[in-house]
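Convention: sequence-line order gives letters A, B, ...; per-chain numbering from 1.
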Amino acid sequence: MKKLLALSIILTALFAFSIKENGYKVGDTARDFALKNVDGKMVSLDYYKDAKGFMVIFTCNSCPYSVAYEDRIIALHEKYANKGIPVIAINPNDDERSPEDSFDKMIVRAKEKGFEFPYVYDETQEITKAYGATNTPHVYVLDADKTVKYIGAIDNNTKSADLADKKYVEDAVNAVLKGEEVPEKKTKAIGCTIKWAS
Amino acid sequence: MKKIITVIIFLSGFIFTNQLFSQNQNIKIIDVPQLEELMKPTSSQNITVINFWATWCKPCIKELPYFVEAQAEFPEVDFIYMSLDFEENATRADKFALKKGLNPKGLYLINNLDYNSWIDKVSPEWSGAIPATLLIVDGKKFFYEKEFDEGELTSLIKQKLN
């Protein structure tokens, strides 16, 4: 009987765990991290003392949809870093499953594109799991207290920034800067799966 | 001389029509309303498999042979391959799909980049990552955001057929 009880407790726990939705929802407080940047230094959100927020972007070298958004990510940082909301780009992919996304290749890509923002590697994938990122590119806009204000896509046209008539991340960041409600808090977009370590 | 000209005209005409034929694509470029139409059950007892893929998506390409296997094993099941390539790459997607042995009648490309407006219509469970596969069984939807392993899809269909 005891055995059966123990088993049922374990099963219930397993079940509860498996149906628990992973990752952050809008309104949650995001955790900080210490991840290695392409310049060799560790990057943490707390390091930015005067930040009014962050654009945490899960992206990588290998995904064509991430590549399609690279120039827009650069533009977002250019536009908002000096207003207090920088881009922090995180590569979530396991480099064994996706060799294009190794730390060394990240350094190459950051140099090629002249990234002015950190491009860090989540080698253990712990942060990616904690945030609940599912695809690349996947954006989390945080305010100064690391409260999640927006989760989703950069805009509504992967192919062309000019053709996008909804700029989700810009709208969210503008709202955070003004202390207003974010108009669209969660969006979805087609992207590449995160390459999880097996 | 006249003969030669006739032959040249004849030959060039032949080459021209031949080119026209080779440009004839199987892949159908569609928008959201047609996708919604495809997701509607045609009859009870019917299984439709809709696979969302793209030529640039490595895990998608990896699982395609398992879909081809399932196509052969279940002729009664409708297999639809919904490419998420950009419209200008339709020819490439078409050629690629044929080379891989995908059902030519089931080839579609959805040309709507406002993804947030339609991802939830496929399934609220879908984050937008591909590969993703939707099974429609007797009008019920079963959604899988994953890369299928060998044999996984066939056993899934078997299970749904019972």
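Separating the CD atom in E147(B) from the NZ atom in K195(A) is a distance of 9.0 Å, to the nearest 0.5 Å.
Atom CD of E123(A) sits in a sparse spot, with 12 or fewer heavy atoms from other residues, nucleotides or ligands closer than 6.0 Å. Remark: F142(B) CZ is packed, more than 12 non-hydrogen atoms of other residues, nucleotides or ligands lying under 6.0 Å away. Under a cut-off of 6.0 angstrom, the local environment of CD in E116(A) is sparse, with at most 12 non-hydrogen atoms contributed by other residues, nucleotides or ligands. The environment of K28(B) atom NZ is dense: over 12 non-hydrogen atoms of other residues, nucleotides or ligands sit within 6.0 angstrom. The local environment of NZ in K159(A) is crowded, with over 12 non-hydrogen atoms from other residues, nucleotides or ligands closer than 6.0 Å. Heavy-atom contacts from other residues, nucleotides or ligands closer than 6.0 Å to CD of E96(A) number 12 or fewer. Applying the 6.0 Å contact sphere to NZ of K141(B) captures more than 12 heavy atoms from other residues, nucleotides or ligands.
By the rule that hydrophobic residues join a cluster once side-chain heavy atoms approach within less than 4.5 Å of another member, V173(A) and Y140(A) end up as members of separate clusters.
Interface residue I130(B): backbone and side-chain heavy atoms are both found under 4.5 Å from chain A. In this structure, chain B has no heavy atom under 4.5 Å from any part of A153(A). With a threshold of 4.5 angstrom between heavy atoms, W126(B) approaches chain A through its backbone and through its side chain.
In plain terms, the two heavy atoms of C192(A) and W56(B) that are nearest each other are SG-CZ3, 3.4 Å. Taking each heavy atom of N116(B) and K186(A) in turn, the nearest pair found is OD1-O, 4.4 Å.
Remark: of the listed residues T134(A), I194(A), T193(A), T134(A) is the sole one forming a side-chain contact (heavy atoms from CB on, under 4.5 Å) with S127(B).
In terms of heavy-atom pairs under 4.5 Å with chain A, the best-connected choice from P131(B), A129(B), A54(B) is A129(B). Ranked by heavy-atom pairs shorter than 4.5 Å toward chain B, the options N156(A), N135(A), I190(A) are led by I190(A). Contact tally against chain A (heavy-atom pairs below 4.5 Å) for D114(B), N112(B), D120(B): the top residue is D114(B).
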(message) The test is salt bridge (charged side-chain N to carboxylate O under 4.0 Å, His left out); show your working for E100(A) and K58(B) and say whether it passes.
(response) CA-CA 12 Å; E100(A) 262 305 290; K58(B) 278 183 205 150; over 6 Å; no

